[in-house]
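Written below as structure tokens is the structure these notes are about.
Residue numbers start from 1 in every chain, and the chains themselves are labelled A, B, ... in the order their sequence lines are given, proteins ahead of strands.
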Amino acid sequence: MRRVLLTGVIVAFLFSLTAQAAITQAEIERVLRNVDNASSFMTTDFSAEMTLISQDPEKGVEKHVVRIFRRDREDKFLLLFQEPRALRGQGYLLVDDSLWFYDPESRKFSHTSLKQNFASTDAKNSDFRHSTLSDDYRPVSWSEGTLGAYSVYIIELEAIHDEVTYPYMKLWISKSPNLVLKAEEYSLSKRLLRTSLFPSYVKVGDSYVPNTMILTDELVKGRRTQITMKGISIDKLPDSVFTKSYVERVNR
Amino acid sequence: MMTTVRIAFRNTRRQKKRSFLLGGAIAFGVMMITLLNAFTAGLIDNVKLNFSYIIGGHIFITGSELTDTGRVINSIGDDDIAQTALDEILPYVQQVNRRSSSMGLLIFGAKDAVQRLDGINWEAEPDLIKNLSVTEGSLDEVTDRQAMILPQATANKLGVAVGETVLVKLSTVTGQQNLGEFRVIAISQDQSGFGIDSAFVSLSYLNELLDLEEDAYQMLHVFLKDMADMDMAADIVYESIAARAEVEPRYSMGLNMDRDEDLEEAQMEALNQLFGGERQVVEPWEGTKFAVTTLNDVMAPVMSLIGVLNTIGLVVFIILLLITMVGIMNTFRMVLIERTQEIGTMRAIGMQQSAVRNIFMLEALFIGLGGACAGFIMANIVMLALSLIHFNTDSALKFFLYQNRLTFRLVPGSVALNLTLLLVMTVLAAYAPARAAARLRPADALRATY
């Protein structure tokens with residue numbers, strides 16, 4: 001009996017090796033590039049209204065409504081708070097590799113980081129930037145599997161540099177088209193910090209946008225944030241939108 | 001001269017009620033200004049002491065380095081430069097600690113709390129073990145890699161007990177997310193007095209979580225033997241480092257009344273470096289770029305506000321004195337009328353004009369001195385009574401208290417200034433009636449019928 005079990009384990013191990021060997025690293029890297037391309041808007045601008053509902057066992061439920069403007073080809077974005085009223089007028093502006101936070105009370109911009117939490121939600125500021133998985137991470141292991149009804153690639157990634165929020169990630173990427181359906185994000189000490197689910201996408205132009213995202217904090221039980229998008233547009237935005245002066249005057 | 005003094009002293013005692021009322025007004029003014037000065041001096045001492053507990057020292061040397069990707073990380077790579085600078089102020093130094101620190105999110109069950117963590121090399125800081133007041137647990141296992149000494153306020157907030165494990169989410173020096181696990185070995189009493197003490201952990205483990213070398217550190221905390229040497233010692237250290245390496249300009253955190261944006265930005269940079277905030281690279285540099293900050297720099301806004309408070313107090317004191325001066329002047333005019341015949345008699349038997357004038361002025365001086373002494377004694381009694389009151393507060397008021405009590409410190413310079421001002425103004429108030437008394441002709445004075 002023990003011998004049968006041992007043989008079974010060895011066969012399973014060899015099978016998994018074969019499964020990994022069947023897909024080459026080059027193919028996985030291509031999948032990551034496809035993900036980046038499918039979720040980026042390189043030829044158009046992008047704007048939408050996001051609603052973030054955060055649940056916290058201590059603080060209860062909080063709602064934020066934010067207007068997002070993106071120009072991926074120039075790596076720019078602007079996030080403007082619409083709700084709650086107390087935060088109205090605050091904004092995050094990413095230009096020239098610098099993320100600025102604007103506070104209408106003091107009328108000042110301060111330098112902040114993409115790696116910080118967005119308001120009191122479980123989202124990071126970097127979550128609103130266009131995807132650059134293929135530039136930031138290298139695949140360290142991969143396999144094929146299923147996630148619900150979808151056939152997926154399951155890819156473990158390691159950061160190439162220290163400019164990313166999470167040094168390690170595990171992604172479940174649908175096979176066609178290549179879209180991230182689930183992501184587990186790990187700390188430098190390889191502890192699971194957050195699980196992100198992307199249950200539905202909408203096609204806008206040639207790209208896809210997750211119109212629902214569920215971000216679950218894996219450290220505090222019961223803490224999660226759901227992001228939904230509506231009013232999605234890829235119409236051209238004026239250049240002035242991605243400037244500090246626009247942020248200052250837009251909510252006066 | 002002694003006769004003049006004796007007559008002036010006798011005259012002061014002749015009209016006890018009048019002298020008492022005049023002296024009382026002066027005493028009240030002296031008491032108020034002495035109380036205010038001593039209160040603000042005590043306030044400054046307490047705030048400084050509390051702040052030095054929180055940020056652990058009087059002078060802080062921080063270093064920043066540029067990564068290959070142009071990111072600024074807080075770390076002191078070249079120890080020799082800082083050490084050479086410290087050697088130059090050795091006689092003033094009580095202790096130097098090398099620490100790393102970070103703000104972390106402590107998670108225990110469904111509860112969390114933001115907490116500053118100080119990484120300690122326990123072998124190099126035995127005094128900290130001796131001075132830490134532990135309410136629960138013990139420090140026997142303090143050198144354990146994952147040991148944590150948690151401040152009481154945070155332990156209460158999280159509901160964590162000794163022996164339990166807390167998770168700590170923090171950012172590495174480049175901003176990546178990291179997670180550590182610490183075992184609470186002891187809970188420390190609120191040292192700073194207002195519930196924002198650091199949690200103490202192992203330097204090497206914190207460095208690992210910050211993605212620094214095991215023996216690296218981010219800040220040199222210098223405790224001086226005498227806080228009064230702070231600015232002088234900081235200047236020596238700054239000059240020494242500037243001669244060998246890149247340094248940030250020194251900025252005081254004082255009130256920026258003119259809203260100078262460049263200054264505001266520079267102040268923000270200096271604060272960010274001290275407290276580990278997000279920083280911008282204006283011009284790239286090589287190696288370690290140092291910054292020297294003192295407790296006085298950080299405290300400058302508080303000091304400016306207290307300076308304003310003292311100035312307001314002085315103005316109120318002068319107004320009180322002016323009112324008292326009018327009272328003294330009127331009183332001495334009445335005295336002049338009352339004693340006209342007496343003055344005539346004294347002048348008739350040979351007393352000089354200057355002696356008559358001196359009697360009046362000495363009388364005013366005695367009233368002023370008496371009032372000042374009484375006011376000073378009353379101020380000390382009030383100070384003693386107020387310092388006995390124990391404030392049971394967890395609010396920001398604790399920041400200004402020492403062990404939950406108000407403290408007062410008499411500043412000799414301020415006391416001397418106030419007394420001089422008082423005596424000069426009192427004598428000035430009596431000068432006009434004194435001169436009028438001196439100028440009375442003896443025959444006219446003797447003839448006076450009022």
CG (B/N178) and OG (A/S189) are apart, to the nearest 0.5 Å, by 4.0 Å
Residue by residue, which of residues 160-172 of chain B have a heavy atom closer than 4.5 Å to a heavy atom belonging to chain A?
B/L167, B/K169, B/T172
Which bit of A/P57 comes within less than 4.5 Å of chain B, counting heavy atoms only: side chain, backbone, both or neither?
side chain
Among B/L209, B/D112, B/T174, residue most engaged with chain A (heavy-atom pairs, under 4.5 Å):
B/T174
Taking atom CD of A/E105 as the centre, does the number of heavy atoms from other residues, nucleotides or ligands within less than 6.0 Å exceed 12?
no
For atom CD of B/Q146, is the number of surrounding heavy atoms from other residues, nucleotides or ligands below 6.0 Å larger than 12?
yes
Below 4.5 Å, heavy-atom pairs only: which of A/D217, A/D56, A/L193 has the largest tally toward chain B?
A/L193
Begin from the C-alpha positions of A/L219 and B/L179 and carry the test side chain to side chain contact (heavy atoms under 4.5 Å, CB included) through to its verdict.
CA-CA 10 Å; A/L219 301 177; B/L179 190 76; 3.4 Å; yes
Are any of the side-chain heavy atoms of A/V164 and B/Q176 separated by less than 4.5 Å?
yes
Do B/Q177 and A/R194 come within less than 4.5 Å of each other through their side chains, counting heavy atoms only?
no
For A/K190, is it the side chain, the backbone, both, or neither that has a heavy atom closer than 4.5 Å to a heavy atom of chain B?
neither
Would you find more than 12 non-hydrogen atoms of other residues, nucleotides or ligands less than 6.0 Å from A/K244 atom NZ?
yes
